[in-house]
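First the structure, in the form of C-alpha cells, and then the observations on it.
Keep in mind it's a predicted model, so treat the numbers as computed, not measured. Lettering of chains follows the sequences in order, A, B, ..., and the numbering in each one begins at 1.
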Number of protein chains: 2
Amino acid sequence: MTSVPSGAPAPGAPVRLLLADDEHLIRGALAALLGLEDDLVVVAEAATGPEALAMARAHVPDVAVLDLQMPGADGVSVATSLRGELPGCQVLIVTSHGRPGHLKRALAAGVRGFVPKTVSAQRLAEIIRTVHAGNRYVDPELAADAISAGDSPLTAREAEVLEFAADGAPVAEIAERAALSPGTVRNYLSSAASKLGAENRHAAVRLARQRGWV
Amino acid sequence: MTSVPSGAPAPGAPVRLLLADDEHLIRGALAALLGLEDDLVVVAEAATGPEALAMARAHVPDVAVLDLQMPGADGVSVATSLRGELPGCQVLIVTSHGRPGHLKRALAAGVRGFVPKTVSAQRLAEIIRTVHAGNRYVDPELAADAISAGDSPLTAREAEVLEFAADGAPVAEIAERAALSPGTVRNYLSSAASKLGAENRHAAVRLARQRGWV
DNA sequence: GAAGCCGTCTGACATTTGTCATGCCGAGTG
DNA sequence: CACTCGGCATGACAAATGTCAGACGGCTTC
C-alpha cells in the first residue's frame with residue numbers, strides 16, 4: 001500500500017541493526033531472516049531494555065529494532081535515551097498490541113517507525129530501509145486508530161489517580177498514595193469515568209488502558 | 001537442563017508441521033528457521049484459530065505448533081477439536097504470557113507440549129521431536145508456577161460471576177446476565193474475593209486473570 | 001438413614017463509592 | 001484591573017457494594 005523506495009543500497013555499507021525483544025524465539029528467528037538480506041546485518045541482540053541500551057552504546061547500530069514491551073524498560077523509554085546518546089541511530093518499534101497512546105508517545109520520543117508484528121519479514125526489511133533513509137513509517141491501521149482515539153481528555157491529576165486505581169485498590173488507599181482527601185479522589189475518578197464514557201472507575205481504567213492513556 | 005532424545009529421525013519421513021500464530025512476523029520467521037532442520041517440514045500455516053483447524057484437516061500434520069492467543073479461537077480450544085478429529089496429530093502450545101491456569105487447561109485438552117516464546121528455535125526444534133516421539137514436554141519454569149499457584153479454589157458459579165464482572169459492569173447487570181438475584185451475585189463476588197485474598201471484586205478479577213483461573 | 005459438609009441462593013445491614021454544589025487559585029483576555 | 005475559564009480541592013447526600021446470618025437441597029460418611 002505504502003510506497004517504499006527500493007533504491008539500491010550502498011554495496012559496501014550494509015545497514016547495521018540492533019534487535020531487542022524478550023522472546024528469544026522471535027528475536028533469533030528475526031535475526032536469521034533479516035540477516036539473509038544482502039544490505040542488512042544484525043550486529044547486536046538484547047532481551048531487556050537496559051541490555052538494549054548497553055548493546056547500542058557498544059555497537060552503535062544504524063537502526064534499532066525494539067519490541068514495545070520488554071522487562072526493565074519499555075521500547076519508548078529506550079528510544080528516548082538513544083535519541084540523546086546516539087542521534088545517528090534511528091529507532092523502529094515493533095509491537096504485538098498496538099495501543100493508540102503508545103504510538104503517540106513513541107513519536108514524541110523521536111521514534112521513526114512503528115509497526116505491528118503482523119507484518120511479514122520481507123515487509124519489515126523494506127521498512128527498515130525506509131527508516132534508515134531518514135523517512136518515517138507508521139502502520140496505516142495503527143495510525144488510523146490513534147487518530148480516531150485522539151488525545152487523552154484526562155488532566156494530569158485524573159490520569160495519576162486513575163493509575164493508582166488500576167489494581168482495584170479502595171479509595172482510602174489511593175487517597176493516601178496520592179496525598180489527597182478521599183473526597184477529592186472520588187471526584188477525579190468520577191470525572192475521569194464520565195470523560196471516558198465509563199459506568200464506573202474500573203471500566204474507566206480498562207478503557208484508558210486500551211487507548212494507551214495510562 | 002532437560003534431556004531430549006537426540007535419536008536419528010527416520011530419513012525418509014520428516015516430521016510434518018502446522019504453524020499457527022497471528023503474528024505474521026513470528027510465524028514466517030519460525031517457518032523459515034524450522035524448515036532449515038532436515039527432519040522437519042512446515043506443511044501449513046494459519047493466522048487464526050478456525051484457520052488452523054481448517055489447515056489441520058486439509059494437511060493432517062504430525063505436530064501442530066499453536067500460539068495460545070489467536071483471534072477466533074485460542075490454542076487450547078483448537079487443541080480440543082484436533083484431539084477428537086486427528087488423534088495422530090500431537091499438539092504443542094507456544095505462548096508469550098504463560099499463565100498457570102492455561103497450562104492446566106492445555107494439558108487437560110490433551111496438549112503434549114507447552115513452552116514460552118523465550119526458548120530458542122534450536123530448542124524448539126528439539127521439543128518438537130520430543131513431542132512427535134510421543135513424549136510430553138512442559139517448560140520447567142511454567143510448571144513450577146502452575147504447581148505453586150495450585151488449583152482454582154473457586155466454584156463454578158463463583159468463576160462464572162467473576163467473569164461477568166471482568167469488564168467492570170455493575171452488579172445489577174451481572175445479575176441479569178447470570179439470571180441471579182443481585183444479593184446472590186454480591187455474595188459470590190464477596191466469597192471469590194476472600195478466597196483470592198483480594199480487597200474487592202476488581203482486585204479479585206485481576207488476580208484470577210493472572211493465575212489463569214478465569 | 002442420620003449427621004455433617006458443601007454449594008447454591010436470599011434479604012437485611014453497614015460500609016464504600018459516585019454525584020453534586022461549592023470555594024479557591026492561576027492563566028488568559030478584554 | 002475586572003472578568004471568565006479551567007484545574008484543583010472539599011464535604012454532604014444518595015446509590016451501589018461488601019458482609020453477614022441463615023434456608024434449602026444434594027453428597028458423602030459413618
Side-chain angles (χ1 to χ4, degrees), chain A residues 101 104-105 108 149-214, chain B residues 101 104-105 108 149-214:
Chain A
K104 195 167 180 306
R105 277 193 302 134
D151 272 9
S152 169
L154 304 175
T155 69
R157 282 280 187 284
E158 283 166 356
E160 184 190 347
V161 171
L162 204 56
E163 202 148 1
F164 281 134
D167 56 353
V171 171
E173 192 179 324
I174 299 171
E176 195 174 350
R177 283 200 269 173
L180 289 175
S181 135
T184 307
V185 170
R186 277 186 233 132
N187 218 354
Y188 282 138
L189 291 173
S190 176
S191 117
S194 77
K195 279 180 182 172
L196 296 173
E199 297 246 332
N200 54 40
R201 62 197 162 108
H202 306 285
V205 167
R206 275 197 336 118
L207 286 173
R209 274 207 194 292
Q210 257 177 32
R211 299 179 194 171
W213 290 338
V214 294
Chain B
K104 194 166 183 303
R105 277 193 303 133
D151 274 11
S152 170
L154 305 175
T155 69
R157 281 281 186 281
E158 282 165 356
E160 184 190 348
V161 171
L162 203 56
E163 202 148 2
F164 281 133
D167 56 354
V171 172
E173 193 179 322
I174 299 170
E176 195 173 350
R177 284 200 270 174
L180 289 175
S181 137
T184 307
V185 169
R186 278 188 233 126
N187 216 354
Y188 282 137
L189 290 174
S190 177
S191 117
S194 78
K195 279 180 182 175
L196 295 174
E199 297 247 329
N200 55 40
R201 63 201 164 104
H202 305 286
V205 167
R206 275 197 336 118
L207 285 173
R209 274 208 194 292
Q210 257 178 31
R211 300 181 194 171
W213 290 338
V214 294

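Rounded to an integer number of Å, the gap from CZ of B/R186 to P of C/dT17 is 15 Å. Separating the CG atom of A/L162 from the P atom of D/dC8 is a distance of 14 Å, rounded to the nearest angstrom. In this structure, A/I174 places its CD1 atom 13 Å from P of C/dT16, rounding to the nearest Å. Rounded to an integer number of Å, the gap from CZ of A/R201 to P of D/dT17 is 11 Å. In this entry the distance linking CG of A/N200 with C1' of C/dT16 reads 13 Å, nearest Å. Rounded to an integer number of Å, the gap from A/Y188 OH to D/dA9 C1' is 6 Å. When the P atom of C/dG11 is taken as reference, atom CG of B/L180 falls 12 Å away, rounded to whole Å. Look at NZ on B/K195: it is 16 Å from C1' on D/dT19, rounded to the nearest Å.
A donor N or O paired with an acceptor N or O is found under 3.5 Å between the base of D/dT10 and the side-chain atoms of A/N187.
A 4.5 Å side-chain heavy-atom check between A/L207 and A/R211 finds at least one atom pair inside the cut-off. The closest side-chain heavy-atom distance from B/E158 to B/K195 is below 4.5 Å.
Using a 4.0 Å cut-off, some side-chain N or O of B/S181 falls inside it from OP1 or OP2 of C/dG11. Listed pair B/R157 / C/dG7 fails the phosphate criterion, with no side-chain N or O lying under 4.0 Å from OP1 or OP2. Considering only side-chain N and O atoms, B/T155 lies under 4.0 angstrom from the phosphate OP1 or OP2 of C/dT8.
With distances taken from any side-chain atom of B/T184 to the nucleotides C/dA12, D/dT10, C/dC9, the minimum falls on C/dC9.
In this structure, CG in B/D167 is found 9.5 Å from CD in A/E199, a value given to the nearest 0.5 Å. In this structure, CG in A/L196 is found 14.0 Å from CZ in A/R201, a value given to the nearest 0.5 Å.
Residue-level contact check: A/S190 touches the bases, meaning some heavy atom is under 4.0 Å from a base atom. Residue-level contact check: A/P170 touches the backbone only, with heavy atoms under 4.0 Å from sugar-phosphate atoms and none from bases.
Applying the 6.0 Å contact sphere to CZ of B/R206 captures more than 12 heavy atoms from other residues, nucleotides or ligands.
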